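Here is the structure we will look at.
Note that the structure is a prediction, hence the values are computed from the model and not measured. Lettering follows sequence order; numbering is per chain, from 1.
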Amino acid sequence: MKEFSKNLSKIYSPKDFEERIYKNWEESGYFRANANSGKPPYTIVIPPPNVTGILHMGHALNNTYQDILIRWKRMSGYETLWLPGTDHASISTEARVVAALKNEGISKKNLGRDGFLEKTWEWTREYGGAIINQLKKLGSSCDWERERFTMDEGCSGAVQKVFLKLFADGKAYRGLRIVNWCPECKTSISDIECDYEEKAGHFWHIKYPFSDNSGFIEIATTRPETMLGDTAVAVNPDDQRYKHLIGKTLILPLMEREIPIVADEYVDKEFGTGAVKITPAHDPNDFEVGQRHGLPVINVMDETATINQNGGKYNCLSRYEARKAIVKDLEEAGLLIKVDEHIHNVGACSRCDTVIEPWASVQWFVKMGELAKPAIEAVKNGRIKFIPKRFENSYLSWMENIRDWCISRQLWWGHRIPAYYCINPDCNHLEVTGESPEAVLEAKCVKCGDNLKQDEDTFDTWFSSALWAFSTLGWPEETEDFKKFFPTQTLVTAPDIIFHWVARMIFSSLEYTGEIPFDTVLFNGIVRDNQGRKMSKSLDNGVDPLEIIDKYGADALRFMLVSGNAPGNDMRWSEEKITASRNFANKLWNAARYVLINLPDDFKPEKSEIPKVLNIEDKWILTLYNKLVKDVTHNLETFELGVAAGNIQDFIWNIYCDWYIELTKPRIAEGGETALAAQNILVYVLKGMLKILHPFTPFITEEIWSAIPNSDKSIMISNWDKYDEKLNFKQESQDFGKIIDAVSAVRTKRAELNVPPSKKVALEIETVRENFSLFENSTAFFERLAFASSVSLIEKVDSAEGKAVAVTDTARIFMPMGELVDTEKERARLEKELAAVQSDIDFVMKQLNNKNFIEKAPAAQVEKAKEKLHKAEEKAGKIKASLEAL
RNA sequence: GGAGGCGUAGCCCAGCUGGUCAGAGCGCUUGCUUGACAUGCAAGAGGUCGUUGGUUCAAGUCCAAUCGUCUCCACCA
């Protein structure tokens, strides 16, 4: 065992020990979870950061929450597993690698699929470790031996297994649909990867002439270039203006193609001209209208949103060039009626901000209807709880209106879809199989014997993240880990991925494992900048957690991130807050240093126990510590991490440091039995404080802990204290409150009179005889903390002449100040004080005189009011007496 | 168009199921080299809890309306 060191460095310098401590933890294996343990499990799976990502404040907040819960549960006797890992983030990683290759003058296409994947794996291996190491700097107690990656063998196996099952059950299907297409990323993206923004645009009103030359119909569009693919014009069947035209045909301008006028309920009579051009290949609603009326789908753009050969003379123009050219040509042809300014929502790729092109293409989808039902039920019936609860609303409304999920992406980095197509166009056989691609391709088409080719696409990243809660534990195998740690308990995440991730994990888990993936979802808010804006690259207002850790320490950062913050609420970043947290750490450091320095050399802190004989102040601090344990535990149980942190800070600073340490100083100075007793309590409570604070600020608590020899080698594996009724000294702690009040009252009075601490004054304390021994035994406190030269007890002071008086509920304390007391000022002060007490009395009297209150309020409430009145009246009496004596 | 959050001391925010909740931190004022800490100690000033109604014996705390602000969802061409 390590020597009892006593010598914490004079300056709190987290840099000196944080790294060392983390290494020790890792080496000692405390982070490791044991699947064979008999303890109840507590599991959190990390929201896997992007493999190429770097730690930002959001990660810091999210992981601080998780680590607090994990460390608390670990100390509370659970077999805890915090499972870490990273996400392959297909679209984001692929974009980064493409960009990096571009700098080297290499194109993805030239490199080929295999070459590109090789490069991307290299990239992943090179940069993938970065965020993991950064999480370690934060103090995250993850089980690193269980670290997973969404594209590792196990997770990939789970993805395949799930897809095969979905396909077999008819819940995964392939079809021609309108998807959100990003012409920059050259892939489809899902609805929730598309961000809408209001933009100023135009509303072009165009003439579509009738085939029979009998005039024209006026349509309006915001995207004239799509008219190249128009295959109809639709009107509302009830629209009197157009009813008679239904069935007539039009000549599509510029393309000179004949298209029909169809009737469809979808058309809003009130909007625009009431006649809508229908472009089934480039608009989701038009696509549906097209389906209903059997209209052809003419795709006029390629994957880069450039007009293709179906666009006639506009072939090879970009969509915006084409728009310009088309408008010009229409104008010249006299077909442009007018152009209105129009503000509308334009969808953009959430990844690269390129305007989305709704585009008809063949994609894979997951049928959501059946999957959503149990996922809705699980949240509705409370099997899964959201904290705060309000986020259940958005979850439910999304789930209840869910649309099929497009899961195929035209990317290479990701899980390749295990679907194979016969190359013979007459056969067109589709095979979905878990066999190795080599074997499948070797085997040829089972129907016609022709060659097969594998689907070029990969799955949406979220398709694999959706399985994270169980694929990481070994599913589909019935592994020890899966049996022990699944379902997990708490998911800690940000509200912006409720749909992307949380919802999909819930329905996936229920569908494939039959279990909920977790029972509680705790949401953390967003860390904003000091002006309340989101931290973003474009604003360059991000704060780097690593720089903050370097400057203030990980503990200060962690403590700042949880302090004064409620679950799900956003918070503002400010340098002042972090210095406040650092100062708190410094305060604890110095308090510990003081306690340790003052222990005798032969003190055995590892055996520090509560002494048999306790002073009143000892009982007082023990009672308050005991209450702290109860409060903090309760607040952690209800996920009120910010409140818990506040409880602890208040106790350490305002109770332990400001009072208890000061109260014990005279005893330490005195030495002997009473000093030893005080030292034991000081150490006992210090150790308790360290333990309860440890989940929040793991490094400093471990460093101080290790300076005190303990039976537990690391505070990480020490036991979380439980509320103990034996430590609840109700009477004594209440009594001691009277001493605290009296000391404070004297200090206040002295401050009002500007008496320097160096001027000691003899105190005369007037109180009832029952309190005499309480106050007499506290003489040393008055001497030290209230600058008393002596203390005398008296039942009734006759003359207050030349004396200042401090009044509490239980006592009047007289201080002979001679000329310092200005009678007039003193009178004014006392009158002010009396007025304050009197307003309390009036308030309570009013309450007690209210018949309804007496009758309807709970008895305890009435009792409380009476007690309050009693106290206030006593105090008022004391102040009045003092006034009279002036 | 729909849903939700926020609006409490100069600033940043806590206030869980209505009754010691009117609070913390920062800032401010005054006084302190009180041998752990000036990254500190002591004391103090500051708010009729956005506004207006309602429910209740009792409302920052529940309900309604309203103003301001932010976010999410939908996306009518």
Do NZ/NE/NH1/NH2 and the carboxylate oxygens of A:Asp264 and A:Arg292 come within less than 4.0 Å? yes
Just call it for A:Trp653: base, sugar-phosphate, or nothing, with non-hydrogen atoms closer than 4.0 Å on any strand. sugar-phosphate
Nearest heavy atom decides the nucleotide; on that basis, is A:Lys871 or A:Trp398 closer to the 5' end of RNA chain B? A:Lys871
NA contact type, A:Lys846, heavy-atom cut-off 4.0 Å: base, sugar-phosphate, or nothing? nothing
Just to be sure I understand the rule, does A:Asn345 reach a base, reach only the sugar-phosphate, or reach nothing, if contact means heavy atoms closer than 4.0 Å? base
Answer yes or no: side-chain N or O of A:Glu662 and base N or O of B:A36 forming a donor-acceptor pair under 3.5 Å. yes
Remember a base hit wins even if backbone is also touched, and classify A:Pro388 as base, sugar-phosphate or nothing at under 4.0 Å, heavy atoms. nothing
Is the ring pair A:Phe523/A:Phe386 parallel, tilted or perpendicular, if the boundaries are 30 and 60 degrees? perpendicular
Would you mind calling B:G46 syn or anti? Take O4'-C1'-N9-C4 for purines or O4'-C1'-N1-C2 for pyrimidines, and syn is within 90° of 0. syn
Remember a base hit wins even if backbone is also touched, and classify A:Arg750 as base, sugar-phosphate or nothing at under 4.0 Å, heavy atoms. nothing
Syn within 90° of 0, anti beyond: B:G60 is syn
Look at all strands and tell whether A:Ala566 reaches a base, only sugar-phosphate, or nothing, counting heavy atoms closer than 4.0 Å. sugar-phosphate
Under 4.0 Å, heavy atoms only, any strand: does A:Asp268 hit a base, just the sugar-phosphate, or nothing? base
Once you apply a heavy-atom cut-off of 4.0 Å, does A:Phe499 come out as touching a base, just sugar-phosphate, or nothing? sugar-phosphate
Expressed in whole Å, how much space separates the C1' atoms belonging to B:A22 and B:G47? 8 Å
